[in-house]
**Q** 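Quick one: this structure, given as C-alpha cells, is what I'll be asking you about.
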Amino acid sequence: LQILKFAMMIFLTTHWVGCISYFISLNYHLDWKTWVFKMEYLLPFYNRYSSPSANTYLLCMYKGLNDLTDLGYIVGYPNNFGEMFFDILVMVASVWLEGNILGTLLNYMVDKDPVAEA
C-alpha cells in the first residue's frame with residue numbers, strides 16, 4: 001500500500017510540474033525563450049504547433065520527471081523569470097518528496113525497541 005502511495009505521489013507531482021511548466025511556456029507564446037522551443041530542436045518528431053496532445057503531454061511528463069530528479073537531460077537553463085521561479089519551487093518540492101520517501105523507508109527498516117515504545 002505504501003508503494004502505491006509513493007508511486008501516486010511521484011506520478012502526480014511529475015504531472016503537475018510538467019503541466020505547469022508547459023503553462024508557463026504558453027504564457028510566453030512558446031517562443032525562443034522557453035524550454036519547449038529548445039525541445040523542438042532536440043526531438044525531430046516534435047513540433048510545438050502541430051504535434052498531437054499525447055506527444056505534448058509525454059513531453060510535459062518527461063520535463064516534470066527530469067526536473068524532479070534533476071538528471072539534466074534537458075540542456076540549458078531557464079530563459080525567463082517565470083521558468084526560473086518555478087524551477088526553484090520544483091527544487092524545493094523535490095527535496096521534500098525525496099525526504100518524505102527516504103524518511104518513510106528508513107522508518108520501516110529500523111528495528112523498533114518494544115520497551116522504548118511502551
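These figures come from a predicted structure and were not determined experimentally.
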**Q** Return the set of residues passing side chain to side chain donor-acceptor pair (under 3.5 Å) with Ser94 (not counting sequence neighbours), or none when no residue passes.
**A** Glu98
**Q** Do Tyr22 and Leu68 share a hydrophobic cluster (ILVMFWY, side-chain heavy atoms under 4.5 Å, transitive)?
**A** no
**Q** CG/Leu97 to CG/Leu102 distance, rounded to the nearest 0.5 angstrom?
**A** 9.5 Å
**Q** Same hydrophobic cluster for Leu65 and Val90, using side-chain heavy-atom links shorter than 4.5 Å among ILVMFWY?
**A** no
**Q** Between Ile24 and Gly82, which heavy-atom pair has the shortest distance, and what is it?
**A** CD1-O, 3.8 Å
**Q** Mind checking salt bridge (charged side-chain N to carboxylate O under 4.0 Å, His left out) for Glu83 and listing every partner two or more places apart, or none if nothing turns up?
**A** none
**Q** Using a cut-off of 6.0 Å, state whether more than 12 heavy atoms not belonging to Phe45 lie near its atom CZ.
**A** yes
**Q** To the nearest 0.5 Å, tell me how far Ile20 CD1 sits from Leu26 CG.
**A** 12.5 Å
**Q** Side-chain heavy atoms under 4.5 angstrom apart, residues restricted to Ile, Leu, Val, Met, Phe, Trp, Tyr: same cluster for Trp32 and Tyr41?
**A** yes
**Q** Can Leu105 be reached from Trp96 by stepping across I, L, V, M, F, W or Y side chains whose heavy atoms are under 4.5 Å apart?
**A** yes
**Q** Of Asp87, Leu59, Asn66, which meets side chain to side chain contact (heavy atoms under 4.5 Å, CB included) against Trp35?
**A** Leu59
**Q** I need the minimum non-hydrogen distance between Leu30 and Tyr49, along with the two atoms involved.
**A** O-OH, 4.0 Å
**Q** Can you tell if the side chain of Asn79 reaches within under 4.5 Å of the side chain of Thr34, non-hydrogen atoms only?
**A** no
**Q** Taking atom NZ of Lys63 and atom OG of Ser25, what is their separation to the nearest 0.5 Å?
**A** 7.5 Å
**Q** Might you confirm whether atom CD1 of Ile3 has over 12 heavy atoms from other residues, nucleotides or ligands at distances under 6.0 Å?
**A** no
**Q** Could you state the interatomic distance from NZ (Lys33) to CZ (Phe81), rounded to the nearest 0.5 Å?
**A** 11.0 Å
**Q** Mark yes when over 12 heavy atoms from residues, nucleotides or ligands other than Phe85 sit less than 6.0 Å from its CZ; otherwise mark no.
**A** no
**Q** Just list the side-chain donor-acceptor pairs under 3.5 Å for residues 11-19, sequence neighbours left out, or say none.
**A**
residue: Thr13; atom: OG1; partner: Met9; partner atom: O; Å: 2.6
residue: Thr14; atom: OG1; partner: Ile10; partner atom: O; Å: 2.7
residue: His15; atom: ND1; partner: Tyr57; partner atom: OH; Å: 2.9

**Q** Same cluster for Tyr62 and Tyr46 if Ile/Leu/Val/Met/Phe/Trp/Tyr side chains link at under 4.5 Å?
**A** yes
